[in-house]
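Residue numbers start from 1 in every chain, and the chains themselves are labelled A, B, ... in the order their sequence lines are given, proteins ahead of strands.
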2 protein chains.
Amino acid sequence: MQDLINMLRDHKIQPTAQRLEVARCALASEDHPTADEVLAMALSRCPTISRATVYNTLNLLAEKGLLVRRTLREGVTVFDPRLEAHHHLIDTETGEIHDIPWDSVVVGDIAEHPEFEVLDYEIVLRGRRK
Amino acid sequence: MQDLINMLRDHKIQPTAQRLEVARCALASEDHPTADEVLAMALSRCPTISRATVYNTLNLLAEKGLLVRRTLREGVTVFDPRLEAHHHLIDTETGEIHDIPWDSVVVGDIAEHPEFEVLDYEIVLRGRRK
DNA sequence: TTCCCGTTTTAGACTTAGTCTAAACTCCAT
DNA sequence: ATGGAGTTTAGACTAAGTCTAAAACGGGAA
Ligand SMILES: [Mn+2]
Ligand SMILES: [Mn+2]
Ligand SMILES: [Zn+2]
Ligand SMILES: [Zn+2]
């Protein structure tokens, strides 16, 4: 709790009750939640929190570098508390998004593109649990 | 033109004027258009075509294997007439999506995941024109 | 040819993800 | 205590996409 407050302060975010609750839900999450999923989680502990605040806070956390916005599901943005580079596997049956360690895949010289300066990349896999 | 008609017939799609126009726009496109972008293109030659028809037709073409739906831009689905495996680079300045040939990147044994059966994957790069 | 009936198209209602607005609330500094 | 910047809120608004139900189309059968 105090850790969370300090983490927000360190990133120049005023730690309000609503922001702490959104941060708690999103930063602890393993499963790349959408904003409305975070809202549903947050409502149980913070019953008057509004949709606007959840969207605002998630966008603020992303802007301040505590979360990454990702485009992995059709039509919605998901939020990812894991900041270090990694890949994603989307379960074709359940839709769940799983993290794949960066080092578990060897990729050749991808930055060596003649036409573009490659700033960053990731692999998106699709599959199902064995 | 006759080619397009035959292509639709081969895929059990009745070639109507509207479908031919949507197919012409989407299949010829190099730039991964959204449904509303296809609608805008189609309207110039087929001024009464409706949004519903464009969405229906794009989804039909995807279902029949003439197009691939892709999740590459936040909040919208784009349609890709290029059926063979390839990667994508998103220009961080313009948002344009560029195709990257499959063979231009060497990826190690990605199918060898202990927990999942990997059905398919692609690399999403971000960068900007040199 | 004309007619018929299944297929297709259409406008617009509806849904969902997300942003914006403006009023109300909070809470720290004076 | 009071003021004011910062925050939260409900609800309006927008944009992507689906659905509905009526109208239009069109390829055979007669
Ligand atoms: Mn569009
Ligand atoms: Mn949207
Ligand atoms: Zn992740
Ligand atoms: Zn492509």
Side-chain angles (χ1 to χ4, degrees), chain A residues 4-5 8-9 11-26 32-43 45-64 66-80 95 97, chain B residues 4-6 8-9 11-26 32-64 66-80 95 97:
Chain A
L4 249 192
I5 292 178
L8 296 196
R9 288 229 172 88
H11 289 80
K12 315 288 184 205
I13 299 171
Q14 262 195 41
T16 65
Q18 291 90 339
R19 286 172 175 172
L20 284 167
E21 180 55 23
V22 169
R24 220 185 43 81
C25 293
H32 306 85
T34 66
D36 283 324
E37 284 162 4
V38 172
L39 171 59
M41 285 187 266
L43 275 172
R45 285 187 181 228
C46 192
T48 71
I49 197 171
S50 71
R51 222 160 76 89
T53 294
V54 172
Y55 274 92
N56 287 341
T57 302
L58 290 171
N59 288 336
L60 183 63
L61 294 174
E63 205 179 293
K64 299 294 190 181
L66 288 167
L67 279 180
V68 182
R69 298 166 62 95
R70 300 199 186 275
T71 300
L72 292 167
R73 283 175 45 177
E74 229 181 85
V76 269
T77 294
V78 301
F79 293 85
D80 192 342
I97 298 167
Chain B
L4 249 192
I5 293 178
N6 289 330
L8 295 197
R9 288 229 172 88
H11 288 80
K12 313 291 182 203
I13 299 172
Q14 262 197 42
T16 66
Q18 291 89 338
R19 285 172 175 174
L20 283 167
E21 181 55 23
V22 169
R24 221 184 45 79
C25 293
H32 307 83
T34 65
D36 283 325
E37 284 162 3
V38 171
L39 172 61
M41 285 186 265
L43 275 172
S44 56
R45 287 188 179 226
C46 193
T48 71
I49 198 172
S50 71
R51 221 160 78 92
T53 295
V54 171
Y55 274 92
N56 287 341
T57 301
L58 290 171
N59 287 336
L60 183 63
L61 295 173
E63 204 178 295
K64 299 294 190 180
L66 288 166
L67 280 180
V68 182
R69 298 166 62 95
R70 299 197 187 277
T71 301
L72 291 168
R73 283 175 46 178
E74 228 183 85
V76 269
T77 294
V78 301
F79 292 86
D80 192 341
I97 298 167

Requested in this report: Would you mind classifying the nucleic acid contact of A:T34 as base, sugar-phosphate or nothing, using non-hydrogen atoms under 4.0 angstrom?
Outcome: nothing
Query raised in the report: Among D:dA16, C:dA11, D:dG17, which nucleotide sits nearest the side chain of B:S50?
Result: C:dA11
Query raised in the report: Got a salt bridge between A:R69 and A:D80, using NZ or NE/NH1/NH2 to carboxylate O under 4.0 Å?
Result: no
**Report entry** Nearest-nucleotide 5' precedence on DNA chain C, A:N56 against A:D36
**Finding:** A:D36
**Report entry** Rounded distance in Å - CD (A:E21) to P (D:dT9)
**Finding:** 12 Å
Requested in this report: Could you tell me whether the phosphate oxygens of D:dT18, OP1 or OP2, come under 4.0 Å of any side-chain nitrogen or oxygen in B:Y55?
Outcome: no
Query raised in the report: Closest to the B:A52 side chain: C:dA11, C:dG18, D:dT9?
Result: C:dA11
Query raised in the report: Has B:Q18 got a side-chain N or O lying under 4.0 Å from the OP1 or OP2 atom of C:dT10?
Result: yes
**Report entry** Side-chain N,O (A:T48) to OP1/OP2 (D:dT8) below 4.0 Å
**Finding:** no
Requested in this report: Answer with base, sugar-phosphate or nothing: what part of the nucleic acid does A:R19 contact at a heavy-atom distance below 4.0 Å?
Outcome: sugar-phosphate
Query raised in the report: From the list D:dT7, D:dG17, C:dT7, which nucleotide is the closest neighbour of the side chain of A:T16?
Result: D:dT7
Report task. Report which part of the nucleic acid B:T53 touches: base, sugar-phosphate, or nothing (heavy-atom distance under 4.0 Å, all strands). Result -> base
Report task. Check whether any side-chain heavy atom of A:H32 lies under 4.5 Å from a side-chain heavy atom of A:R73, and answer yes or no. Result -> no
Requested in this report: Give a yes/no answer on whether the side chain of B:N59 brings an N or O atom under 4.0 Å of OP1 or OP2 in D:dT18.
Outcome: yes
**Report entry** Closest-nucleotide ordering on DNA chain D, the 5'-leading residue of B:R69 and B:Q14
**Finding:** B:R69
